[in-house]
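First up is the structure itself, then whatever we jot down about it.
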Amino acid sequence: MKGREDLQKLAARGDLRSLVEAMGHPQPYMRMTASDLLASQGQNALPVLIEALTHENPDVRKGAARALGLIGDRRAVRHLLDRLEKETSGVGQFIVDALAEIGDVQVVPVLCRVTRSHNLSLRYSSVRALGKLGDRRAIPFLVEALGDTASIVRLRAVESLSNMGEPTLWVPISEMLADQSAGVRAVAARVLGEMHCLRAIDYLLPLLESDIETDVLEAARALGRIGSRKAVEPLISAREREGRERVIKAIEDALQAIGEAAQD
């Protein structure tokens, strides 16, 4: 097979097994295209995709899991769960992503356990998946993930907690404003702003004095969203110290938003 056209011909004549084998093609683009074409077949492709979860080629297993996630049929869940316990971490990540796409909350307890995996990619994927599912049973595990050794897991845990619809989570999220990773601090600030959390203001204000651009930028944006006049003087002081145009613009936007909120 030389290109997408060859794969489309296979799909047109319903040659699903050949498409399954194409998910093991040396070229990533061809693998992805084959997976997409199988997913486009919907329920008709379920049997061959479920069978492909045990294929000898891990790339085929990844593509099968991905396609099952795109199809979104809950009949695939038990097969994906069965494979998750037996798979390598590389394939396991695709299975976790597929389970999140299908959206069946019965998988939440399993994904909660995966957040404690020794494998980074599995921890990251499961924390992200739990955020997509939005089931509150995941909250203790996501709070625990805020202490993960990997910053990308901590960052994703903050984002996933923001999807839980639980106002009291501002407390652990605000504590992440002191994280050693600037990326984690930035996401925590953004989330607190989106939560319009007045009680987080005292945690956000110290970031205005940081030397790190993203600290000041995201703190200013968050304070603008929250809209409390308590932030006005600290924002003005920060503007006077600043020389970075992007940060100055964010501070001025925040001050304007606070002024508009006071008029409402």
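Just so it is clear, the values below take in all heavy atoms, side chains as well, and ignore hydrogens, waters and symmetry mates.
Of the residues listed (R4, R66, R31), the one engaging D36 in a side-chain hydrogen bond (donor to acceptor under 3.5 Å, both in side chains) is R66, and it is the only one. With V77 as the partner, the side-chain contact (heavy atoms from CB on, under 4.5 Å) test is satisfied by one option alone out of D104, D82, L68: D104.
Judged by distance alone, the side chain of R241 and the main-chain N or O of L208 form a donor-acceptor pair under 3.5 Å. The backbone N or O of E159 lies less than 3.5 Å from a partner atom in the side chain of S162, making a donor-acceptor pair. Listed for the R185 side chain is a donor-acceptor partner under 3.5 Å among the backbone atoms of D179. With hydrogens and angles ignored, the 3.5 Å screen pairs a side-chain donor or acceptor of S160 with a backbone N or O of V127. Put simply, the side chain of R154 gets close to the backbone of D148: a donor and an acceptor are under 3.5 Å apart. The main-chain N or O of R225 is found under 3.5 Å from a side-chain atom of H196 such that the two form a donor-acceptor pair.
Counting non-hydrogen atoms of other residues, nucleotides and ligands closer than 6.0 Å to CZ of R136 gives a total above 12. Around NZ of K132, the count of heavy atoms belonging to other residues, nucleotides or ligands within 6.0 Å exceeds 12. Heavy-atom neighbours of F141 CZ from other residues, nucleotides or ligands within 6.0 Å: above the threshold of 12. The environment of CZ in R17 is sparse: at most 12 heavy-atom neighbours from other residues, nucleotides or ligands sit within 6.0 Å. Atom CD of Q27 has 12 or fewer heavy atoms from other residues, nucleotides or ligands within 6.0 Å.
Looking only at atom types and distance, the side chain of S117 has no donor-acceptor partner in the side chain of N119 under 3.5 Å away. For the 3.5 Å distance criterion, the side chains of E260 and Q256 qualify, holding a donor opposite an acceptor.
In this structure Y124 satisfies the ring pair (Phe, Tyr, Trp, His ring centres under 6.0 Å) test with no other residue, sequence neighbours excluded.
With salt bridges taken as basic N to acidic carboxylate O contacts below 4.0 Å, one links E144 and R116.
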Test side chain to side chain contact (heavy atoms under 4.5 Å, CB included) applied to L37 and L10, step by step: CA-CA 9 Å; L37 287 169; L10 293 176; over 6 Å; no
